[in-house]
Amino acid sequence: MPSHESRPTIHIPGTTSHTIAPRAGRHSREGTLRYLKAGTGAPLVLLHTVRTQAEHFRHLIPLISDHYTVYALDLPGMGYSEIVPGASYDEPAMRAGVKRLLTELDLHDVTLVGESMGAVLALTTAADLPERVRRVVAVNTYDFRSGIARSSLLARVVVSGVLTPGVGPVIAGVEPKAALRKILHGGLSDKGALREDYVDELLQVGGRPGYPTVARAVYQSLPSLIAARSRYPEVKAPVHLVYGENDWSRPSDRHANKQMLPAADFTQVPKAGHFIALERPDVLADLLNAVA
């Protein structure tokens, strides 16, 4: 568990915090994974976005925990999961963390719900573990070029700087609150959906030793998220694609995924941006509870 000084500042009512230790005898760069658990019913796993953590779903979890046992994972190196020096943060490595959650807890009949990067991981995990996954809800899949850089000029400047050789690690370690808030606003149609305590929580996590290296590596992993689209046709479970009307993806990006997943259901949420779990958790809850 995180130390007292690095405990989350946000508590979601009804949740408990747990960890999964690295598998004994392995020589990989696995670290301890942290996840939140709540509710009763069939298992539902929540996978968060770039630069966020399990608390990203703070408003969604209470709306679905009467219908599901909810597991909200901190992806490897993010949130309060362990930061392992030299670890990879490309799509296969992050997917391995998701698979650890499902296999170590021996979860079956799982609904995988991911937003942004988490949506890609939900789809690829379902391709790898068809015997465990019941359904996938992929929200604003982050599998197209430019990604967050499409949200605003500031985001383009910051991400470009973080990826620049030499100065990139320095820039990744400097994260003024005003800049983080503005970048996150670029993923919202309703700017009021971004709470100040959530920004403060993300800044606390961003101050963990080694986190700037993780953040830079995650941005560098975008090509692996795009490459992961080739796995989508392998998914055997039913899929529901959900997009915010004002998501960073373009209509051509959404159409391309509809073509790759022709049997998938498709919902476009009016007046919503990239972070639907923040601004329209009710839409996701209604969709999930209807098929619980």
Side-chain angles (χ1 to χ4, degrees), residues 12 14-21 23 30 33-49 52-58 60-76 78-79 81 91-143 225 228 231-242 261 263-265 267 276-277 281 283-292:
I12 304 170
T15 63
T16 53
S17 183
H18 306 266
T19 58
I20 299 173
R23 290 169 288 189
E30 290 183 354
L33 297 174
R34 174 247 191 180
Y35 67 93
L36 301 178
K37 182 179 179 181
T40 57
L44 182 148
V45 173
L46 295 171
L47 304 173
H48 62 79
T49 74
T52 67
Q53 58 196 73
E55 281 77 14
H56 184 75
F57 299 104
R58 64 189 295 194
L60 176 60
I61 291 173
L63 299 179
I64 60 176
S65 56
D66 286 343
H67 296 82
Y68 296 94
T69 301
V70 181
Y71 302 84
L73 177 66
D74 278 347
L75 291 168
M78 292 172 247
S81 287
E91 187 277 330
M94 291 188 288
R95 184 191 343 140
V98 180
K99 290 165 63 176
R100 278 175 60 199
L101 178 77
L102 270 62
T103 56
E104 294 294 312
L105 299 183
D106 196 24
L107 302 180
H108 292 270
D109 199 32
V110 177
T111 297
L112 285 176
V113 181
E115 184 165 88
S116 184
M117 174 177 65
V120 178
L121 297 176
L123 288 162
T124 56
T125 299
D128 279 358
L129 299 176
E131 73 282 2
R132 292 182 181 270
V133 178
R134 171 190 179 189
R135 165 183 305 112
V136 177
V137 178
V139 183
N140 289 330
T141 55
Y142 191 90
D143 54 9
L225 296 176
R231 302 291 312 281
Y232 293 178
E234 300 174 37
V235 179
K236 294 180 172 59
V239 175
H240 197 139
L241 296 172
V242 180
L261 294 160
D265 292 326
T267 296
I276 292 178
V283 171
L284 296 181
D286 288 347
L287 184 157
L288 293 166
N289 290 339
V291 295

(request) Specify the closest pair of heavy atoms between Leu60 and Pro281, including all atoms of both residues, with the distance to one decimal. (result) CD1-O, 3.6 Å
Pair up each side-chain donor or acceptor in residues 117-127 with any protein partner under 3.5 Å, not counting sequence neighbours, and list the distances.
unit_1: Thr124; atom_1: OG1; unit_2: Glu91; atom_2: OE2; d: 2.7
unit_1: Thr124; atom_1: OG1; unit_2: Arg95; atom_2: NE; d: 3.4
unit_1: Thr124; atom_1: OG1; unit_2: Val120; atom_2: O; d: 3.2
unit_1: Thr124; atom_1: OG1; unit_2: Leu121; atom_2: O; d: 3.3
unit_1: Thr125; atom_1: OG1; unit_2: Leu121; atom_2: O; d: 2.7

(message) Set out, in order, the CA-CA distance, both residues' side-chain angles and the distance that settles side-chain hydrogen bond (donor to acceptor under 3.5 Å, both in side chains) for Asn289 and Tyr68, then state yes or no.
(response) CA-CA 8 Å; Asn289 290 339; Tyr68 296 94; 5.4 Å; no
(message) Quick one, Pro233 and Leu261 - any side-chain contact, counting heavy atoms below 4.5 Å?
(response) no
(request) Begin with the C-alpha distance, continue with both residues' side-chain angles, and end with the deciding distance and a verdict on side-chain hydrogen bond (donor to acceptor under 3.5 Å, both in side chains) for Thr16 and His18. (result) CA-CA 7 Å; Thr16 53; His18 306 266; 2.6 Å; yes
(message) Is there a side-chain contact between Tyr71 and Leu36 in this structure, where contact means two heavy atoms from C-beta onward sitting under 4.5 Å apart?
(response) no
(message) Is any side-chain heavy atom of Glu131 closer than 4.5 Å to one of Val133?
(response) no
(request) Verify side-chain hydrogen bond (donor to acceptor under 3.5 Å, both in side chains) between Glu115 and His48, making sure each step is shown before the conclusion. (result) CA-CA 6 Å; Glu115 184 165 88; His48 62 79; over 6 Å; no
(message) I want to check something: taking the side chain as every heavy atom from C-beta on, are Ile12 and Pro62 in contact at a cut-off of under 4.5 Å?
(response) yes
(request) Rounded to the nearest 0.5 Å, what's the gap from CG on Leu73 to CD1 on Ile20? Could you check? (result) 7.0 Å
(request) Indicate the atoms forming the closest heavy-atom contact of Leu75 with Ser81, along with that distance. (result) O-CB, 3.5 Å
(message) Check this for me, if you would: do Glu104 and Arg132 make a salt bridge, where the nitrogen-to-carboxylate-oxygen distance has to be below 4.0 angstrom?
(response) no
(request) Answer yes or no: is there an ion pair linking Glu55 with Arg58, defined by an N-O contact shorter than 4.0 Å? (result) no
